[in-house]
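Computed from a predicted model, the values in this text were never measured in an experiment.
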Protein chains: 2
Amino acid sequence: MVIQKISLVDLAIDRIKNYIKDQEYKPNDRFLSEKELVAKLQVSRTVVREALISLQTIGILTIKSGGGVYIAEPKLDSITDILKFHYDTYGIKLKELIETREIVEMGALRLIIENNTLADTTELTNLNESYYQAILEKDDPKPYDRLFHQALMKATDNSTYYLFSEIINEYFSFVCIDVKEKEEELLQAYAEHKAIIETIETGNLHEAQNKMKKHFEPIFKLVQQLKETPEDGADSII
Amino acid sequence: MVIQKISLVDLAIDRIKNYIKDQEYKPNDRFLSEKELVAKLQVSRTVVREALISLQTIGILTIKSGGGVYIAEPKLDSITDILKFHYDTYGIKLKELIETREIVEMGALRLIIENNTLADTTELTNLNESYYQAILEKDDPKPYDRLFHQALMKATDNSTYYLFSEIINEYFSFVCIDVKEKEEELLQAYAEHKAIIETIETGNLHEAQNKMKKHFEPIFKLVQQLKETPEDGADSII
DNA sequence: ACTAAAAATTGGTCTGACAATATTATATAT
DNA sequence: ATATATAATATTGTCAGACCAATTTTTAGT
């Protein structure tokens with residue numbers, strides 16, 4: 001006996017999913033209320049609620065207490081949530097994660113250069129200059145760094161690849177320790193960004209990838225120095 | 001008023017998550033029953049159930065009707081579920097997905113060769129030979145192809161990178177149309193696998209990547225010929 | 001010791017009730 | 001007439017109790 005009998009909740013989830021597809025809802029649209037779904041699906045409120053919660057969990061719906069049910073904004077929170085739990089519970093090596101980022105961004109360079117999807121490097125340059133300004137003004141430059149790398153990934157003109165890179169980056173920013181870099185190192189990163197942009201413009205893939213690799217070296221070294229420090233005491237649910 | 005008051009369900013989810021971490025459960029271990037959780041968390045069964053369902057949805061727990069709650073096997077089903085919905089609802093371009101696979105596998109070659117993580121290419125060869133046998137015996141060779149590419153990704157010795165590649169492949173096998181390839185094409189693929197292995201052994205990254213790129217060309221061309229055929233009629237929930 | 005029936009456990013679903021929150025309608029003041 | 005405060009309504013959150021269905025455990029009989 002392997003077959004799992006399908007529960008009403010699972011059925012409800014499926015129906016609601018299909019309904020959302022067919023109705024061509026847009027994010028933030030108001031969805032049906034629990035009451036309406038009870039009438040429509042002919043099941044108890046319990047079942048409807050459990051289905052809605054499941055759909056909220058995977059980021060399809062948003063339930064506002066007292067305010068109704070809405071179509072969720074397409075985000076990756078639910079995916080990164082899962083990965084976070086994975087990380088906490090089963091452990092993931094930081095070194096691996098950074099290496100993954102590195103490889104993914106080097107791959108992005110290939111897409112950009114081979115497919116020639118980046119006609120205009122102005123935006124990248126602007127973002128990097130914002131990064132530079134933030135450094136000089138002692139602001140936190142990290143958001144700009146993030147934007148720079150995001151723009152680079154977007155320049156692949158492959159939204160799927162970009163999607164996965166975002167998952168990885170989300171995951172990374174959750175996992176990664178918050179390193180305070182020295183101004184000297186930040187300026188170095190700025191220069192490397194600049195060099196990468198210029199190399200993209202020349203169309204030299206091999207060179208661009210090498211520069212990207214260099215760009216990742218500092219963080220790589222940093223991580224390899226870190227010790228794994230797993231120490232917790234909490235035990236019961238509280 | 002931006003702050004969302006935290007619901008009891010969300011609290012329960014958090015507590016349970018932490019409890020699982022602390023108790024060092026293993027997959028398939030029996031977890032606490034609803035009743036026990038009610039007693040432990042001091043909330044109603046409704047809240048416990050909704051929390052459990054949420055945790056089941058993201059693949060942390062498995063609820064067996066009448067049989068109790070269990071720690072789920074770490075799988076990516078929940079993630080691919082989310083992506084599937086994304087695909088159905090917002091659409092994802094097949095061409096992009098294949099390009100993503102291509103880039104990811106080319107990146108894998110870099111990791112393998114640069115880090116020299118693949119001391120022994122025997123397993124890859126064996127899997128490829130199984131692929132060959134399946135072709136000759138008119139079996140479905142796809143599973144062996146899948147195994148070959150999986151082994152390649154594992155050879156990066158980066159479980160995180162492997163994890164992401166699995167997400168992509170799961171996603172791909174869901175999305176992708178089931179193409180029946182001719183024996184001629186299958187044998188071609190076999191030969192390309194073989195060539196890739198040999199090039200890995202020589203340590204020539206550039207060459208290996210080129211061969212991988214060639215290996216993806218057929219499926220690439222196939223997809224670009226396909227027309228988008230969105231045609232459905234269903235409207236209401238049923 | 002093995003098997004089959006009975007009992008207990010556990011999850012699945014339903015109903016009704018009330019509380020907490022958000023939205024909408026109404027009344028009031030300017 | 002418009003803006004604001006208040007009341008009414010709608011909606012989700014939580015609880016309790018009941019019964020059904022599936023599973024597991026116990027018991028009884030051979």
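Cation-pi geometry between A:Lys95 and A:Phe220 is not met: the NZ or CZ atom fails to fall both under 6.0 Å from the ring centre and inside 45° of the normal.
Atom-to-atom, NZ of B:Lys64 to C1' of D:dA21 comes out at 17 Å; the value is rounded to the nearest Å. For A:Gln42 and C:dT13, the CD to P distance is 16 Å, given to the nearest whole Å. Here C:dG11 presents its C1' atom at 10 Å from CD1 of B:Ile53, a figure rounded to the nearest Å. Following rounding to the nearest Å, B:Leu11 (CG) and C:dA20 (C1') show an atom-to-atom distance of 16 Å. If you measure from atom CZ of B:Phe31 to atom P of D:dT23, you get 21 Å, rounded to the nearest angstrom. Rounded to an integer number of Å, the gap from CG of B:Leu61 to P of C:dG11 is 11 Å. Counting to the nearest Å, the C1' atom of C:dT13 and the CG atom of A:Leu41 are 14 Å from each other. One can place CD of B:Glu34 at 8 Å from C1' of C:dG12, the figure rounded to the nearest angstrom.
Nearest nucleotide to the A:Arg30 side chain, out of C:dT13, D:dA16, D:dT11: D:dT11. For B:Ser65, counting side-chain heavy atoms from C-beta on, the closest listed nucleotide (C:dG11, D:dT12, C:dT13) is C:dG11. With C:dC14, C:dT13, D:dC15 as the candidates, the nucleotide lying closest to the side chain of A:Ser7 is C:dT13. Comparing D:dC15, C:dT13, D:dG13 by their nearest atom to the side chain of B:Leu8 picks out D:dC15. For A:Lys35, counting side-chain heavy atoms from C-beta on, the closest listed nucleotide (C:dC14, C:dT10, D:dT11) is D:dT11.
If you check every strand for non-hydrogen atoms under 4.0 Å, B:Thr46 touches a base. Nucleic acid contact class of A:Gly66 (heavy atoms, under 4.0 Å, all strands): base.
Side-chain N/O atoms of A:Ser7 and A:Asp10 include a donor and acceptor closer than 3.5 Å. A:Glu99 and B:Asn115 share a side-chain donor-acceptor pair at under 3.5 Å. For the residue pair B:Glu96 / A:Tyr162, no side-chain donor-acceptor distance below 3.5 Å is found, with atom types taken as modelled. Using modelled atom types, one finds no donor on one side chain facing an acceptor on the other under 3.5 Å when comparing B:Arg146 with B:Asn169.
Between B:Glu36 and A:Gly67, the residue anchored nearer the 5' end of DNA chain C, judged by the nucleotide with its closest heavy atom, is B:Glu36.
Between B:Arg49 and C:dG11 there is no side-chain polar atom (N or O) within less than 4.0 angstrom of OP1 or OP2. Close to D:dA16, at under 4.0 Å from its OP1 or OP2, lies no side-chain N or O of B:Arg45.
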